[in-house]
Participant: 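Sharing a structure here in structure tokens format.
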Amino acid sequence: MGAGKNLTREYQQLREKIYQSIFAGLNKQQMEVVATGEGPVLCLAGAGSGKTMAMIYRILHLYLFGAEFEAAVLPPHEISLEDLAKMQQWLQEWEKGVVSCFSPEIINLLRVNGVSPQAILAITFTNKAAEEMKTRLANLLGTISEKMWVMTFHAACVRILHREISSLGYTSNFAIYDSQDQLVLLRAICKELNLDEKKFAPKKIQNAISRYKCKLQTPSKAKIMSNDFLEKKYIEVYEIYQRRLQENNALDFDDLIMLTVRLFQEEPEILEKYQERFRYIMVDEYQDTNHAQYALVNTLAKKYQNLCVVGDDDQSIYGFRAADIRNILDFERDYPEARVIKLEQNYRSTQLILDAANEVIAHNSGRKAKKLWTENSAGEPILCFTAIDEGDEAAFVVEKIEELKGQGVNYGDCAVLMRTNAQSRTLEEWLIRIGIPYKLIGGVKFYERKEIKDILAYLKFLVNPCDALSLKRIINEPRRGIGEITFSKIANHSWEKGIPIYQALLEYENLGIVGKTAKAVADFINLLESFRQSLEKLTVTELTKKILEETGYWQQLKRENSPEAESRIENLQEFLTKTLEYDHFAEENSLGDFLSQVALVTDLDNLQEKEEAVVVMTMHSAKGLEFPHVFLIGLEEGIFPHYRAFDDLHELEEERRLCYVAMTRAKERLYLVNARERYLYGRKNMNQSSRFLEEVPPQLCIQYNRPGFFETTPAYAVGNNAAGSVAVKEQAGRKGQIFMLGDKVFHQKWGEGVIVSIKGQGSEIELAIAFPEEGIKTVLAKYAPLKKLR
DNA sequence: ATCTTACCGATTTTT
DNA sequence: TCGGTAAGAT
């Protein structure tokens, strides 16, 4: 018995030692977040302060040691000397870094008072963040982590609604409509109501409806609050829109949240069930929550109050989509006993970059006091450059990137961030011309492409026979001679009788559809029926292939023989690899499940790290990312801050926060670029430099001036693609020069001249140069003995 | 049903 | 400037 007691004591000491070691890499504040499992916690996490790490270790802590660590615990089961040796060995290996995960065996030895994994709910905004967290948890804990809910707001709501939605008057095979679908629906409604699209832009209405939903306002509630004519009309549309969604058994993105909240409000037992289940709740990017999300989280957490929210009021940049910064600012009011923990140590950027960012953000009012600091070195000064125009700006960026490349920096370590997507064009032209591989984030997204939406509409309609929108999309795609008029006959029938649109379609014979059209409809129904019959038997991939074949969709594209058709085929093939992937991992073959997954993914999720390409994107999309070298371009009044924000103090502050977010993406070097002049909407504009640029203390920057001479001779232009450019350069072992229109150059034979035209690409670039004495000469950039002058 | 022409308007965007 | 949309022509 005495031996047993000794063993217990030894076990406790060893377990505590292990505990210390596991969390040794965290700073004091992070550790506080990790170890305060019980009660409300507000974690104000500055940019790059290791909040993801804190959240992951918090979950780990909850699971292994419970809400609060207790040293004097009894072992989970009888402990042998051998067990202690195992723990000892594990500890050694952990400290050496040989192991970085917890095997089931070691979990079995360590875990006392641990929270059940099902009780943990961690919510993020983006799939990417959720995915990162999930992966890291799986690496630490293995398959047990799959029992925790680590997902986006929307994914969590889909999962809950999938089980519970019947009490709200929908069925669980509901469709999810994206913003495009919303617009199609809204346009149709506007047409029905004879609304002038100029006065009532569907986009505006969409926005208004989204705002209502984010505030949890149903049409009838919104009506009470409204007073002006425009708003009343919006609400009228909202009402019809919402009815239409319900008839289609469809939810839009905002519905996912709003209906879940409604579910919890209306069904106390259901709420109770989830409150009991999710006793430990964490929310990432809390400053970006809107009212509906706020209500969701706080309703769920109400019972046990084990709510840990992580965020940074200085990084709130989504006010325009109804994020309410007050949610984070008022957390302490909502939970007076909340522990407030500030993570202010930054592990990402150099001191200089942080100083600059701190200085800029300090111009905002109403912030939670916070100041980032770092143990990192001061680093290189911030490089500022004022370009002549947007071409010069792009040229500078490209020159610098090439220079960095020459110093061994990877393209993938460079990011160019801009305020608006429209700014990417000139830059892209230059990147292409010089042959720098790049990746543009934003633009037409994969799941928004026509061909993908088409095939998805087929699949969606098969799952949900109420989905009129999808039927409308596919009924004449590919062309089969069923026009608008026929469709509206069917749709009207469906509304009048209150039957699913598929039912209405089947009854086409009673609707005055005759002759050729009737035949076409009959054929179409047969086609759909054959798909429906294979629904159970086939995998998603097989079904997709069957649809593409038997509708003639493939054939039509193949016959077309155009580059566009080519890319559509490629996209469909890409889609098939995604279905294949799904089929491979899916437990049962459920098309509906596949569709809800697909509805919630975006392109940003595919941003692969370590890809050898410069990343070009908006400052908004850069949130949460980091790069060694960051270029901020277009730092001009009117562009950034955007002119639309000029007359609103709150919007200006949001712009400044955006600037703060953008600056703090940089790990090593930050480049701030503005142009004196820029073409915008076909007009040349003179722009003052951005106020944010003025707010950066000058002593942290150096103003860049192009050197008068480039060292290289003779000149050459680099290749057109990544492979080409690298090959040329390494063979030649020399740096490239970048020429642009209007550059002054020095030619060995003809002296000084000015470039008057640039033609061709890659190694074929031809320069036409005007020399005072010799006239215009055309030379191949690759071979001409040129030096650039400035 | 599909192509052409004239016009308008133009942040940021996850899910 | 450019691209998307809507009405008009064939």
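Here is how names work: the chains are called A, B, and so on, in the same order as the sequence lines, proteins then strands, and each is numbered from 1. No experiment lies behind these values; they were computed from the predicted model shown.
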Participant: Can you tell which of B:dT13, B:dT15, B:dT11 lies closest to the side chain of A:Thr152?
Facilitator: B:dT15

Participant: Is the NZ or CZ atom of A:Arg321 positioned over A:Tyr318's six-membered ring, under 6.0 angstrom from the centre and within 45° of the axis?
Facilitator: yes

Participant: Using a 4.0 Å heavy-atom cut-off across all strands, classify A:Asn421 as base, sugar-phosphate, or nothing.
Facilitator: sugar-phosphate

Participant: Checking contacts here: which listed nucleotide (C:dC2, B:dT13, B:dT15) is nearest the side-chain heavy atoms of A:Arg425?
Facilitator: C:dC2

Participant: Figure out the CG/P separation between A:Asp288 and B:dT15, and round it to whole Å.
Facilitator: 12 Å

Participant: Just by modelled atom types, is the A:Met617 backbone N or O under 3.5 Å from a matching donor or acceptor in the A:Ser621 side chain?
Facilitator: no

Participant: Reckon A:Thr420 has a side-chain N or O less than 4.0 Å from the OP1 or OP2 of B:dA10?
Facilitator: no

Participant: According to the 5.5 Å centroid and 30° plane-angle thresholds, does A:Phe320 stack upon the nucleobase of B:dT12?
Facilitator: yes

Participant: Have a look at A:Tyr318 and say if it touches a base, only the backbone sugar-phosphate, or nothing, with a 4.0 Å heavy-atom cut-off.
Facilitator: sugar-phosphate

Participant: With A:Asp314, which of A:Arg367, A:Arg657, A:Arg656, A:Gln287 fulfils side chain to side chain donor-acceptor pair (under 3.5 Å)?
Facilitator: A:Arg367

Participant: Quick one: label A:Glu654 by what it contacts on the DNA or RNA (base, sugar-phosphate, nothing), any heavy atom closer than 4.0 Å.
Facilitator: nothing

Participant: Indicate, with a heavy-atom threshold strictly under 4.0 Å, whether A:Tyr681 touches base, sugar-phosphate, or nothing.
Facilitator: base

Participant: Pick the closest DNA chain B nucleotide for A:His620 and for A:Gly483 by heavy atoms, then say which residue is nearer the 5' end.
Facilitator: A:Gly483

Participant: By the 4.0 Å heavy-atom rule, please label A:Arg479 as base, sugar-phosphate, or nothing.
Facilitator: sugar-phosphate

Participant: Tell me whether A:Lys578 forms a cation-pi arrangement with A:Tyr447, defined as NZ or CZ under 6.0 Å from the six-membered ring centre and within 45 degrees of its axis.
Facilitator: no

Participant: If you look at every strand shown and take non-hydrogen atoms under 4.0 Å, does A:Gln597 touch a base, only sugar-phosphate, or nothing?
Facilitator: nothing

Participant: Say we look at B:dT12 and C:dT5: how far apart would their P atoms be, to the nearest angstrom?
Facilitator: 16 Å

Participant: Looking at B:dA10, B:dT13, B:dT15, which one has an atom nearest to any side-chain atom of A:Asn127?
Facilitator: B:dT15

Participant: Name the closest nucleotide to the A:Arg644 side chain, picking from B:dT15, B:dT12, B:dT11.
Facilitator: B:dT11

Participant: Taking the basic N atoms (NZ, or NE/NH1/NH2) and the acidic carboxylate oxygens, is any pair closer than 4.0 Å for A:Arg136 and A:Glu132?
Facilitator: yes

Participant: Looking only at the side chain of A:Glu655 (C-beta and beyond, no hydrogens), which of the listed nucleotides B:dA1, B:dT11, B:dT15 gets closest?
Facilitator: B:dT11

Participant: What's the closest nucleotide to the side chain of A:Arg187 if the choices are B:dT15, B:dT2, C:dA6?
Facilitator: C:dA6

